[in-house]
Each structure stands twice: as structure tokens, then as C-alpha cells.
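Structure first, commentary second.
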Protein chains: 2
Amino acid sequence: MTDTGKREVTRSDVAKHARVSTAVVSYVVNNGPRPVAKATRERVLASMETLGYRPNAAARALRLQRATAVGLVVPDVSNTYFGALAQAVSNRAFDAGYALLLGDSDNDIDREAAQIDSLVGRQVDGLIVVSLDPSTTMAVGRTPTVYLDRRAAADQAVILPDNYGGAQMAVEHLLQHGRKRIGHLAGPEGGPGADERLKGWEDTVRSAGQTEALSFVERAEFTRNGGYEAGRRLLKNPDRAPDALFVSSDVQALGLLRAAREANVRVPEDLAVISFDGTEDAAYSDPPLSAIEQPIEEIAAAALAAVLADPFIPVHERVGVSLVTRASCGCHSYA
Amino acid sequence: MTDTGKREVTRSDVAKHARVSTAVVSYVVNNGPRPVAKATRERVLASMETLGYRPNAAARALRLQRATAVGLVVPDVSNTYFGALAQAVSNRAFDAGYALLLGDSDNDIDREAAQIDSLVGRQVDGLIVVSLDPSTTMAVGRTPTVYLDRRAAADQAVILPDNYGGAQMAVEHLLQHGRKRIGHLAGPEGGPGADERLKGWEDTVRSAGQTEALSFVERAEFTRNGGYEAGRRLLKNPDRAPDALFVSSDVQALGLLRAAREANVRVPEDLAVISFDGTEDAAYSDPPLSAIEQPIEEIAAAALAAVLADPFIPVHERVGVSLVTRASCGCHSYA
DNA sequence: CTGTTAGCGCTTTCAA
DNA sequence: TTGAAAGCGCTAACAG
């Protein structure tokens, strides 16, 4: 509380005030590695309180060679999915005593590289990255890093949702609804999860014998506007349009829904829709979106655990996804 | 690129390799404060490259007493508005050479205090906080801090949108549409912007003589579900319901829209709606939301500038907001 | 149980 | 134009 004066109060001020050595202050602050007599500890605690002592994280980081912080790099925090991911990571990291350094790559591959470089230089103890282009190998040096996209190298850690299985699940569900022309609004080539979802859709549609449907595919950025534009292209020709769509993200689906409204295409009557992600965006759209839901908390927990594990083990993990049905696929009527 | 071996490579490795002193390496890295002969500089640069040198940010922070990082604390990054704010701050900070430490307070006042404390201890050069409860005074010590909510103390820096004016604008616009019972879906008491927006609505409605409308007010959290629940309460009684609503955030409006759909209340025909924030959420809802738009980029820029100004000057700034009309107020038809 | 002290990697003053 | 060296605040090995 007390907080006046020129310099920040350091551990030696506290030591002087409590009439102990700086080592003891350190032992008290860190609860170890040596025990401290109860009376002494209390005196130190009291001094810390009166002086308004706050440990200097930079000094600690320098000494320990670790910042007690983790870095997270995402393409776009304002995307609800990445926002929710950032929130989950931030909260878990904080509870574990780590700070979160956030890097937004702004959907730019060079920026992504620069962000990673900056975070590594800041001695983060771990790095979680949703990369725009997995084929690029960033220099992360010795920093334990886990990717939440598709990586190639065997020594890289990866945690991924079951993109392929989720796509399959979505398409199969649409088939059960009797849809005959199931198209796909895909993510950008190489984009996180995009290609696996595309493959899952393609294989499933193909093995259902819907070869005609294979032409109903459009790529778009993971944005509302991307989904809107792609949706317009997909629905342009009323005589030759899909009767169902698997959309590779919630935000894109929001855009598609707008395109459908403008084109007087009714969802789900004329066009059944299932998206991927299953964030709150899906639950509150009109109609509410059936979606393949990613277990964000689980992903965040696994990523953090992997990256902070000692010794670091390059995990290669798949997390399950689930289909949550709402109105957009035709399962539930609403309003 | 080269990056093998036990220890990270330090400036003295580079110095040895380039056969110069560590001081010179420092001058090269920082472009000063002393000049370096061209030949020498190039030799150093080459050594840095071959050794894969990366400056240690912790050491630098310790020496300089500043981390070259800024902290941002928000109640909930997964809220599109805060997500967009985080993105804007992150990108601007990065461009200025600063890292962003993100703290999500998870709508919890104690957590907020803990996050602030942690960031201050990490020697951030500045702190931007969207506080849940402005009446609490956090110990930010000497760290330049700017609040994006309503603060009391004169020596605290504040940057705010024109909440009152925006509310007034929204209500006046609804009045122009001939609405007679303009209610308000408000934010939580003390919540960022909430009370000023409420006041702006109240005063404007009152001076329009709509005393009956003053009872159409419900408070809710800044979440979709909060807006949904409050919307249900507001629309519960068809015989005595508002014919227009000023909603204190986009996310709440998304919830309200769902409540309206479920209650068969048509927007804008039966209920005209204008929300506050004007994020992408507003543009892609059904119907698209007319909204009082906050200039997020401007706020981010001003906050960063204030906090990194030297010497720190406790700014007290209002930024203007603007009404963007879409379908929900009745201005534009769509689909 | 507690004190002394070296040293983490960096910047910058002072000297050459 | 370059080198030597002090010291930022902290931890932990070592000595008592």
C-alpha cells in the first residue's frame, strides 16, 4: 500500500527493515528452498507489507533463466474462437502463476514470425502458436512450443481437434437429414485445420456417392466477411446450388447466414448448415448453428501442460470434437 | 538460425566471436548511444547471425528498469469488443516494439486486482485497464496506468467513449422513428460505461416526456446470455412492453435478439433496437444492428500513447462515438 | 536456522 | 572509435 519515494523497494530494503539477510527474504518470498523460523518469517512478511514490497520479475527471470510467462500467438484475437482460446489460456496460466504474453499475427505470416521471435527473446517458458502456415519453420530455439495447427516435423509438439472426424460427423449428419448436395465453405489453404476439414468433407461426400456435390466448395478467410463472400458465390445460381453446407468455422457461418438471408435462401429448409468451432457465436445466431464443437478448455489445458512439462515432450495429441445440434441443420425448430 | 548447444548465446559470445568488447555489441544492437565503425558493425552483425544471437529481454529489463511491454486487463477477452480492443492494442504495441501482457479478469474483481498486481510486478511500462469496479483503487504504484472506464480520482488517467452522448444519440434516433416507449437494457452497476449510458438514456427519455418508458429497464452482465435473460424479462408482458430498446452492448443485443425471436417480437417492426459498441457482431446479426460505434483503434492508440508518454500525464479524454444505422432501428430494410 | 556472496546478461560511464 | 567494469534485483550454493 505505502508507495512513495524515488526507487522501487527491493529485497534489500526489506532485509534491512526486518533485520535479516536478503537470503531470508528470498526464502520467505519463495517458500523455500530453506526453512525460516516462524517468528522471522512473520517479521519479514510485516516488513514487506509496510514497505509495499513487490518482487522484481525481471531480476527473477534473469536469475532463473525463465520468465514465468507463456506466449500465445493467434491469427486474430477478435475472432471469437481465438478470443475464447486466449481467455482459457490466460486464466489457466494465471492460476499456475504464469503471465500471458499475447501476440496477434493479424493474419500475416511475417508478423507471425516476428511475434514468435519477440516472445522467444523474452524468455517465455513456453509458446503456444496457432500458425498461419505450418510449412514455415520458425526459429523457436530451445523454447518449448506447441502448435495448434498441422505441423510436419516429428519433433514438434502438436495438439489438434479431430478435424477430419468432425467434418465426417457433420457430413454424415447432413446425409441423415436426406441432403443430396452437401457443399463445403472451406478455410484458407494451409490455414489452421482448414485442409483436414476439407478432406473429411470430400471423402465422406465422395463415399456417399455425391460426386456432383464435390463442386460446391469455396475457400475463404476465417472471417465473417470471408464467409459472406464465399456464401454469395455458393448461392449465386439457384438452379445449381447445394442443399447443405459444412462450414469450416463459426465466423464464416455467420457471414454465410447473412448471404443466405439476402438471397432468400431459408436455413435450414433450403440449406442445412453445420459449422465448425461451436463458440457462443453459434448459439446466438439466427438460426442457431448446429456445430462441431471444439473442447477449448481441454485444448488450452493440454497445450499449457505440454509446454510447461519438464522435460518437454513433443506431444502429438488429438482431442475429440462433438456435434451439437441446433436449428440450422434441421434438427430443432425454434422461435 | 544456428541454434544448438547448452546455453543460449549471450552478448559476450558475440563479442568474443567478433573480437570486440561487449560494449560494442551493445552499441550495435541498440544503434547507440555511441557510434560504431562501419566495418566493426558489420563484423558484429555477422557474428550475431552465425551464432544465432538473441538479446535477453530479462537482462535488458533489469538493467533498464523497464520491460518494454505493456499490460492490458479486460473483463473478458472472448467478448468481441474486448477482443477487438486487445487486437488493436497488441498490434500497435508490437509495432512500437512493445510486447503485450494480457490479463483476463474473468469478470471477477479480486482476479482483476491480482492481475494488475502481477503486471505491475513485471515492470510493464504501462498498464491499460478496463476495470469492473472503478471505485476500487488498485495499487499500481508508479506504473503509468490508464483506465478505460469511469474513475474518480483526479490524478488517474482516463480515456472514455462518449457514453452519455452516445446513449442520447441512440434515444433521439429512436424518437425520430416515432417510438413511444423506449426502454433500456443496461449493463451491470458500476460496469464499464454502464452507468453513463443508463443516465444518458434516462435523461433523454425523461425530457421527451416518456415517463412511462422509465420502467422499461433491466440490468444484465455484458454477455449474450445476460442480454437474453434481460430481454425475456423486458418482453415478458406483451401488453406492457417497450416498442424500442437501447442496449448497452452488442453482445447483450445478440441475446436480446434471440429473446425477441422466441417471443415472436419482430425487430424492428415491433421493437426497434440500437446497441452500443458497433463491433462486427452488430453487422452480422439478424437483423443487422444499428449501433453506437466506438472508435476502437482510436481508443487503443490514445491509451497506448498516454501510458507510454514521458513524463506520464494523467489524460482525461473523451472520444467521440457515432451512430451507424442498419436494419434494427427501422432505417434500412434488408434481405 | 541464517548470513555472505557470486553471478544471471545487459547498458553505460569512464578511460584510453 | 573502442574497452573495462560496475551494478540492476534476485537466487542459491556455501559457510557458519
Side-chain angles (χ1 to χ4, degrees), chain A residues 5-45 47-48 51-69 97 120-123 125 141-142, chain B residues 5-45 47-48 51-69 97 120-123 125 141-142:
Chain A
K6 212 79 188 160
R7 237 178 62 272
E8 287 289 343
V9 7
T10 75
R11 116 221 136 223
S12 83
D13 297 322
V14 176
K16 204 166 297 165
H17 188 272
R19 273 113 66 58
V20 295
S21 76
T22 60
V24 171
V25 178
S26 188
Y27 301 152
V28 170
V29 171
N30 304 321
N31 274 311
R34 313 264 46 166
V36 176
K38 194 163 177 223
T40 317
R41 134 172 275 106
E42 261 150 28
R43 196 145 36 86
V44 172
L45 255 14
S47 296
M48 287 179 16
L51 298 181
Y53 172 67
R54 203 179 251 137
N56 182 317
R60 184 165 213 276
L62 175 59
R63 177 66 227 232
L64 259 28
Q65 302 284 33
R66 40 183 246 104
T68 325
V120 170
R122 283 165 192 275
Q123 283 68 51
D125 301 289
R142 241 174 306 294
Chain B
K6 213 78 189 161
R7 236 178 64 270
E8 287 289 342
V9 8
T10 75
R11 112 223 126 225
S12 83
D13 297 322
V14 175
K16 204 165 298 167
H17 188 272
R19 273 112 69 56
V20 295
S21 75
T22 61
V24 172
V25 179
S26 189
Y27 301 151
V28 171
V29 171
N30 305 321
N31 273 310
R34 315 262 46 164
V36 175
K38 195 165 178 223
T40 316
R41 131 174 280 105
E42 262 151 27
R43 197 146 35 87
V44 171
L45 254 13
S47 296
M48 286 178 17
L51 298 181
Y53 173 67
R54 202 179 252 136
N56 182 315
R60 183 163 214 275
L62 175 59
R63 176 65 228 235
L64 259 28
Q65 302 284 35
R66 40 184 246 103
T68 325
V120 170
R122 282 164 191 277
Q123 282 70 51
D125 301 289
R142 241 174 307 294

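Proteins get letters first, then strands, A, B, ... in listed order; numbering begins at 1 in each.
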Distance, rounded to the nearest Å, where Y27(A) contributes OH and dT5(C) contributes P: 14 Å
Consider the side chain of V24(B), meaning its heavy atoms from C-beta on, and name the nucleotide among dG9(C), dT2(D), dT11(D) that approaches it most closely. dT2(D)
Separation of dC8(D) atom P from R66(B) atom CZ, nearest Å, is 18 Å
Nucleotide of dT12(C), dT2(D), dG9(D) approaching T40(B) most closely (side-chain heavy atoms): dT2(D)
Would you say S12(B) places a side-chain N or O within less than 4.0 Å of OP1 or OP2 belonging to dG9(C)? no
Counting heavy atoms from C-beta on, name the nucleotide in dG9(D), dT12(C), dT2(D) closest to the side chain of A23(B). dT12(C)
Students often get this wrong, so: under 4.0 angstrom with heavy atoms, is V36(A) touching a base, only sugar-phosphate, or nothing? sugar-phosphate
When you match A37(A) and T22(A) each to their closest nucleotide on DNA chain C, which lands nearer the 5' end? A37(A)
Quickly work out the R122(B) CZ to dG9(D) P distance and round it to whole Å. 18 Å
What nucleotide among dG9(D), dG3(D), dG3(C) has an atom nearest to a side-chain atom of S21(A)? dG3(C)
Atom CD of Q123(B) and atom P of dG9(D) are separated, to the nearest Å, by 10 Å
Test N31(A) against R41(A) for side-chain contact (heavy atoms from CB on, under 4.5 Å), laying out the working first. CA-CA 10 Å; N31(A) 274 311; R41(A) 134 172 275 106; 3.0 Å; yes
Please state how far atom CG in N30(B) lies from atom P in dG9(C), giving the value in whole angstrom units. 17 Å
For T68(B), side-chain contact (heavy atoms from CB on, under 4.5 Å) partners two or more places apart: R122(A), R60(B), R66(B), Y98(B), D125(B)
Does V44(B) form a side-chain contact (heavy atoms from CB on, under 4.5 Å) with V20(B)? I'd like the steps, not just the answer. CA-CA 8 Å; V44(B) 171; V20(B) 295; 4.0 Å; yes
Checking dT2(D), dC8(D), dT4(C) against the side chain of Q65(B) (C-beta onward), the nearest is dC8(D)
Length of the CZ-C1' vector between R60(B) and dC8(D), whole Å: 14 Å
Checking the side chain of S47(B) only, and the main-chain atoms of R43(B) only, is there a donor and an acceptor separated by less than 3.5 Å? yes
Rounded to whole Å, please give me the gap between CZ in R63(A) and P in dT5(C). 16 Å
Nearest non-hydrogen partners of V29(A) and Y53(A), listed with the distance: CG2-CE2, 4.2 Å
Among dG9(C), dC1(C), dT1(D), the nucleotide that comes nearest once only the side chain of P35(A) is considered: dC1(C)
Contacts of A58(A) meeting side-chain contact (heavy atoms from CB on, under 4.5 Å) (sequence neighbours excluded), chain-then-number -> N56(A), A61(B), L62(B), Q123(B)
When the nearest nucleotide of DNA chain D is assigned to A58(A) and to R43(B) on a heavy-atom basis, which residue is associated with the more 5' position? R43(B)
For dG9(D), does either OP1 or OP2 sit under 4.0 Å from a side-chain N or O belonging to T10(A)? no
Once you apply a heavy-atom cut-off of 4.0 Å, does V25(B) come out as touching a base, just sugar-phosphate, or nothing? nothing
Does S26(A) put a side-chain nitrogen or oxygen below 4.0 Å from OP1 or OP2 of dT11(D)? yes
d(CG, N31(A); C1', dA12(D)) in whole Å: 16 Å
